[in-house]
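Chain naming here is simple, since letters A, B, ... match the order of the sequence lines and numbering starts at 1 in each.
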Number of protein chains: 2
Amino acid sequence: MSIRDIKFNIDPNSKTPLWLQIKNELFDCLEKEVLKPGQLMPNEKTLVELFNVSIGTVRKAIGVLENEGILIRKQGLGTFVCQHDDHSFLFKYFHIVHHDSDERHIPEVECVSFELKDASDKEIDVLNIPKENNKVISIYNKLAFQGKVHSADKIVISAAKFPLLNEEIFINRHNTVYNLYQNKFNVFIAKCSERVRAIPAPVNVAKMLGIKANSPILKISRVGFTYHDEAVELRTSYVNTSEIEYIRQQYSTVG
Amino acid sequence: MSIRDIKFNIDPNSKTPLWLQIKNELFDCLEKEVLKPGQLMPNEKTLVELFNVSIGTVRKAIGVLENEGILIRKQGLGTFVCQHDDHSFLFKYFHIVHHDSDERHIPEVECVSFELKDASDKEIDVLNIPKENNKVISIYNKLAFQGKVHSADKIVISAAKFPLLNEEIFINRHNTVYNLYQNKFNVFIAKCSERVRAIPAPVNVAKMLGIKANSPILKISRVGFTYHDEAVELRTSYVNTSEIEYIRQQYSTVG
DNA sequence: AAGTGGTCTAGACCACCAT
DNA sequence: TGGTGGTCTAGACCACTTA
């Protein structure tokens with residue numbers, strides 16, 4: 001199914017602005033996998049014909065989707081559906097740097113365990129786990145720089161949303177975890193919220209990090225959301241900041 | 001000096017887009033205090049005449065400044081210069097919440113000390129302290145919720161950039177620190193970067209926070225920047241997260 | 001009712017990228 | 001060279017706010 005074959009219904013008399021109607025239609029195409037990450041969009045002239053509006057209106061809709069990080073325009077080339085890759089991932093979701101340096105590096109990731117288990121009450125609630133398949137996939141990873149482990153990550157996702165995901169697929173992915181979600185399961189993590197605390201390292205975590213129990217570490221609890229604010233991933237990171245730091249940058253516009 | 005009296009030189013033959021030239025000119029007005037926080041901008045028709053371009057071009061320039069959080073448009077009212085106030089501050093720069101709650105509250109702030117001192121080498125470097133006035137203002141604050149202290153903040157700013165700032169003015173401000181910077185000294189903090197670590201509480205900090213020495217706490221090192229990426233504030237927060245958490249939210253667009 | 005920003009049109013021309 | 005997005009124009013009409 002190509003986007004060119006779809007009959008769109010844009011209503012010029014609706015109280016919803018045309019550009020918003022178009023944005024929503026393109027959005028639906030992403031959800032229905034008519035548009036896929038990395039794909040080239042039809043050019044603006046074609047979209048003008050598909051939606052039967054003027055080019056400025058199409059550009060407004062695309063501009064908003066670009067600002068939201070969903071599409072990317074490349075002059076002379078075309079407009080593409082964004083995808084998580086190593087580079088963008090590095091700057092969007094990866095917030096660990098060495099002391100005395102601003103360089104970000106892809107960490108070495110080692111999967112420690114991969115389990116299918118019953119969802120806890122909290123997981124059922126936050127991840128909206130269906131009753132007919134109340135399983136979650138629970139994964140532990142160790143992250144390292146130059147062989148030196150700095151973080152232990154626990155990832156929890158709904159088995160229902162990631163059908164057929166198994167340890168082999170997870171370990172043999174050729175890219176980031178978010179890229180895997182996106183390309184194999186059409187789950188695009190568009191935003192996330194994090195809560196950070198300083199805690200004494202529990203014994204099992206201290207062992208994974210190779211530090212003494214009760215050493216101060218960061219506990220970062222992240223919830224990853226789709227475009228539609230649907231929570232799809234719970235990630236808990238335990239970070240030893242004795243040699244690395246957790247960073248954030250922001251503009252005054254962002255909440 | 002009103003913006004209406006300025007003779008702007010917009011060059012239609014420049015390789016710089018008109019909208020960018022206009023954006024830069026408006027920017028300069030902010031720096032030169034021709035436009036001040038909270039002020040109403042001239043309407044779009046007037047700007048069209050001032051810059052001698054079409055309305056779409058003016059709107060593009062304003063739109064970008066709005067996205068950057070510098071201007072805000074209100075339909076039926078006009079376009080205003082943004083200012084830090086309690087509400088926006090709460091959502092832009094304030095990242096502390098109670099456990100089990102997403103509510104953000106303005107903390108109670110108590111100034112512990114206010115000193116004028118020689119800048120350290122690091123402060124000279126980062127804050128670009130001038131040789132002819134190598135003093136910095138160093139302030140310690142305690143932050144609390146409902147009387148319960150959760151953070152100790154150290155603020156370091158250049159004395160040269162905040163002339164005549166003294167303890168009385170600082171303590172008797174009627175708004176946030178950032179609002180004070182902006183309204184009294186024309187310093188607008190437009191973005192900031194933070195580095196977070198978990199450390200054992202030093203004795204003096206533990207005393208301020210009312211906890212045992214060596215308890216795990218967050219150390220948050222923030223650098224505040226102006227529009228032009230000029231570092232103007234160093235802030236170090238020591239946070240006891242036993243009852244509160246540090247949060248962040250972000251969209252995939254933001255780095 | 002008057003004034004503001006918000007939406008939308010129907011083009012023109014330019015800058016960039018691939019071949 | 002042909003195709004793409006980027007910039008810009010000169011309006012028209014709508015929705016919202018205040019008075």
Side-chain angles (χ1 to χ4, degrees), chain A residues 2-4 8-27 35 38-82 253, chain B residues 2-4 8-27 35 38-82 253:
Chain A
S2 159
I3 189 173
R4 287 158 214 266
F8 291 104
N9 289 310
I10 303 294
D11 176 9
N13 301 315
S14 160
K15 61 176 184 177
T16 307
L18 295 183
W19 66 263
L20 228 190
Q21 294 182 51
I22 293 168
K23 185 201 156 193
N24 291 335
E25 293 286 351
L26 292 175
F27 223 95
L35 290 173
Q39 183 178 331
L40 175 64
M41 300 274 296
N43 68 32
E44 295 178 346
K45 188 167 162 295
T46 305
L47 291 173
V48 161
E49 288 161 9
L50 277 174
F51 292 113
N52 196 31
V53 297
S54 85
I55 192 165
T57 305
V58 164
R59 286 185 57 77
K60 167 83 176 176
I62 293 175
V64 172
L65 287 167
E66 185 177 39
N67 280 336
E68 293 182 3
I70 292 164
L71 298 181
I72 181 167
R73 291 197 267 214
K74 300 185 184 181
Q75 190 175 16
L77 274 175
T79 300
F80 299 82
V81 181
C82 279
T253 35
Chain B
S2 160
I3 189 172
R4 287 158 215 266
F8 291 104
N9 289 309
I10 303 294
D11 177 8
N13 301 315
S14 161
K15 62 177 184 177
T16 308
L18 295 182
W19 67 263
L20 227 191
Q21 294 181 51
I22 294 168
K23 185 201 157 193
N24 291 334
E25 292 287 351
L26 292 175
F27 222 96
L35 290 173
Q39 185 179 330
L40 175 64
M41 299 275 296
N43 67 32
E44 295 178 347
K45 189 166 162 294
T46 304
L47 291 173
V48 161
E49 288 160 10
L50 277 174
F51 292 113
N52 197 30
V53 296
S54 85
I55 192 165
T57 306
V58 163
R59 286 183 57 76
K60 168 82 176 177
I62 294 175
V64 172
L65 287 167
E66 186 177 39
N67 280 336
E68 293 182 3
I70 292 165
L71 298 180
I72 181 167
R73 290 196 267 212
K74 301 186 184 180
Q75 190 175 17
L77 275 175
T79 300
F80 299 81
V81 181
C82 280
T253 34

For the pair made of [atom1] in [X] and [atom2] in [N], what is the distance, rounded to whole Å?
| X | N | atom1 | atom2 | answer |
| --- | --- | --- | --- | --- |
| B:I62 | D:dC8 | CD1 | P | 14 Å |
| A:L20 | D:dC14 | CG | P | 19 Å |
| A:N13 | C:dC8 | CG | C1' | 13 Å |
| A:K60 | D:dC14 | NZ | P | 19 Å |
| A:F51 | C:dC8 | CZ | C1' | 16 Å |
| A:L47 | D:dT4 | CG | C1' | 12 Å |
| A:L40 | C:dA18 | CG | P | 12 Å |
| B:K74 | D:dT17 | NZ | C1' | 12 Å |

Where the side chain of [X] is concerned, which of [options] is the nearest nucleotide?
| X | options | value |
| --- | --- | --- |
| B:N43 | C:dG3, C:dG11, D:dG5 | C:dG3 |
| A:W19 | D:dC8, D:dG5, C:dT7 | C:dT7 |
| A:R59 | C:dT9, C:dG5, D:dG6 | D:dG6 |
| A:L77 | C:dG11, C:dC17, D:dT7 | C:dC17 |
| B:S54 | C:dC8, D:dG3, D:dC8 | D:dC8 |
| A:P17 | C:dT7, D:dG5, C:dG5 | C:dT7 |

Using 0.5 Å steps for rounding, measure from the [atom1] atom of [X] to the [atom2] atom of [Y].
| X | Y | atom1 | atom2 | value |
| --- | --- | --- | --- | --- |
| B:F51 | B:N9 | CZ | CG | 11.0 Å |
| B:N24 | B:F8 | CG | CZ | 11.5 Å |
| B:I62 | B:T79 | CD1 | OG1 | 5.0 Å |

Assign each of A:G76 and A:Q21 the nucleotide of DNA chain C bearing its closest heavy atom; nearer the 5' end lies the nucleotide of A:Q21
- Task: Take atom CG of A:N52 as the centre, draw a 6.0 Å sphere, and report whether it contains more than 12 heavy atoms from other residues, nucleotides or ligands.
- Result: no
The residue, B:T57 or A:K15, whose nearest nucleotide of DNA chain D is more 5′ is B:T57
> How do B:V53 and A:G78 order along DNA chain D: which one's closest nucleotide is nearer the 5' end?
Replying inline: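 Residue closer to the 5' terminus by nearest nucleotide: A:G78.
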NA contact type, A:L18, heavy-atom cut-off 4.0 Å: base, sugar-phosphate, or nothing?
sugar-phosphate
Does C:dG6 have OP1 or OP2 under 4.0 Å away from a side-chain N or O of B:R73?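 Yes, within the criterion.
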key: Member of A:K74, A:R73, A:Q75 meeting the side-chain contact (heavy atoms from CB on, under 4.5 Å) criterion with A:L77   =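 Answer after filtering A:K74, A:R73, A:Q75: A:K74.
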